[in-house]
Amino acid sequence: MLARNILITAIAPLALGFGHRNYRDAVPPLAQINDNRIAAGVMKDSTLTVHLYVGMARWYPEAADGPYADVAAVGEEGKPLQIPGPLIRVPAGTTIDATIRNALSDSTIYIRGVLTNSAKPMDSLPILPGESRTLRYKANTAGDFWYVATPGLVDWDKRERETAAGAIIVDAPGAHKPDRVFVINIWGESDQKDTSIYNNALAINGKSWPYTERISTNVGDSLRWHVVNATTRNHPMHLHGFYFRVAGRNGITFAPEKQPLEVTDDMNAFSAIVMDWAADRPGNWLFHCHIGFHVLPGDAQLSGHMKHGSHDMEAERHMAGLILG
């Protein structure tokens with residue numbers, strides 16, 4: 001079990017800097033895109049101390065001058081809010097000492113995931129506006145995990161709010177090779193004027209295709225990816241051109257002879273996998289969700305974006321959403 005002997009303390013409400021204005025009336029700061037290459041916090045004597053806050057940010061999941069959504073996001077204190085949230089990465093056996101401040105002025109946030117209880121990850125810890133809580137536990141189990149801060153009580157049939165979510169990677173002792181961490185986030189809601197329209201921002205590491213990061217590698221290279229589904233939806237993640245092995249899932253590491261060989265892994269909501277694969281031939285390839293709604297232009301984009309035809313022959317326009325190249 002990852003979370004043990006959790007200590008939770010409440011801290012007096014803090015000044016938020018919004019005065020008497022509702023935060024929704026102010027222009028929020030720009031969300032920083034997090035490529036999950038730098039871990040948050042400070043490590044000392046086998047203890048990681050990290051101070052996080054949840055606030056509103058303006059997020060551009062597509063072009064820098066494209067459509068945007070004002071969303072809840074997580075950041076390290078003194079640093080910009082990020083999408084996905086700050087990466088927490090530690091060796092197994094590390095004590096994690098995490099303080100989380102709710103900088104929203106009018107919404108309680110609910111923390112879920114292994115920051116609270118790995119045995120029951122959907123159990124929620126409420127944090128009132130202006131309040132902080134400290135969570136302390138020992139990360140004994142190596143594996144990939146997630147956390148999410150949800151503002152208010154969300155009607156999942158009408159909207160999704162998984163932008164304030166990030167990855168927790170616990171590395172096995174001495175086992176660390178070059179790898180990457182990719183987090184899936186979704187913001188979405190039905191149109192108030194036309195309930196048949198659902199506006200989506202679907203992102204991998206904070207961006208939607210064709211604005212997602214392009215992965216360059218050499219023939220013969222071995223790659224390890226940590227893929228974290230920090231959303232309420234399943235995502236069958238499919239790799240073009242190659243098989244991959246699932247080395248672990250949700251904190252469980254598989255023995256080599258038990259590792260499934262796949263081209264598509266149907267990732268459950270709020271789940272994580274470790275996938276190993278070899279780039280054994282050249283070319284341009286895709287890794288993407290196999291649900292059409294999550295990769296089609298228009299469906300997988302925010303409203304206001306130019307809707308490209310589904311038969312557009314330009315490679316960067318005939319798909320959108322949850323795709324890496």
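Since the model is a prediction, treat every value here as computed from it, not as a measurement.
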message = Measuring from atom CD1 of I111 to atom OH of Y147, what distance do you get when rounded to the nearest 0.5 angstrom?
response = 9.0 Å
Distance (rounded to the nearest 0.5 Å) between W209 CH2 and I323 CD1 = 6.5 Å
query = Using 4.0 Å as the upper bound for N to carboxylate O, is an ion pair formed by R133 and E131?
reply = yes
message = For a side chain to side chain contact (heavy atoms under 4.5 Å, CB included) check, start with the C-alpha distance between V183 and N205, then their side-chain angles and the critical distance, and finish with the verdict.
response = CA-CA 5 Å; V183 176; N205 278 4; 4.0 Å; yes
task = Find the distance between CD1 (I204) and CG (N36) and round it off to the nearest 0.5 Å.
result = 12.0 Å
Co-members of V263 in a cluster of I, L, V, M, F, W and Y side chains, linked at under 4.5 Å = Y243, L261
ask   = Is R214 positioned over the aromatic face of W285, cation under 6.0 angstrom from the ring centre and no more than 45 degrees off axis?
value = no
query = Side-chain contact, heavy-atom cut-off 4.5 Å: F145 with V228?
reply = no
query = Below 4.0 angstrom, N of the basic side chain to O of the carboxylate: do D276 and R245 qualify?
reply = no
Exercise: do T231 and N229 side chains pair donor with acceptor under 3.5 Å = yes
remark   = Rounded to the nearest 0.5 Å, the CG atom of L324 sits from the SG atom of C289 at a distance of 12.0 Å
task = Please state whether the rings of W277 and F242 are parallel, tilted or perpendicular, taking 30° and 60° as the class boundaries.
result = tilted
ask   = Is it true that a side-chain atom of T94 and a backbone atom of P91 form a donor plus acceptor pair closer than 3.5 Å?
value = yes
query = Is the closest basic N to carboxylate O distance between D265 and R249 below 4.0 Å?
reply = yes
task = State whether the side chain of E76 and the backbone N or O of V50 hold a donor-acceptor pair below 3.5 Å, judged by distance alone.
result = no
ask   = So, E162 and R112, do they make that salt bridge, N to O below 4.0 Å?
value = no
key: Separation between OG of S107 and CD1 of I127, rounded to the nearest 0.5 Å   = 13.0 Å
note = Sequence neighbours excluded, the answer for ring-ring contact (aromatic ring centres under 6.0 Å, His included) partners of F244 is none
request  = Calculate, to the nearest 0.5 Å, the distance between atoms CG and CD1 belonging to L322 and I186 respectively.
outcome  = 6.0 Å
Check against salt bridge (Lys or Arg N to Asp or Glu O under 4.0 Å), D179 and R89 = CA-CA 13 Å; D179 57 14; R89 187 163 196 173; 2.7 Å; yes
query = Hey, would you say the H290 and H235 ring centroids sit under 6.0 Å apart?
reply = no
message = Any non-hydrogen side-chain atom of D97 less than 4.5 Å from a side-chain atom of R136?
response = yes
query = Would you call K207 and E213 a salt bridge, taking side-chain N to carboxylate O under 4.0 Å as the test?
reply = no
note = Residue set satisfying ring-ring contact (aromatic ring centres under 6.0 Å, His included) with Y60, at least two apart, ordered chain then number -> Y68
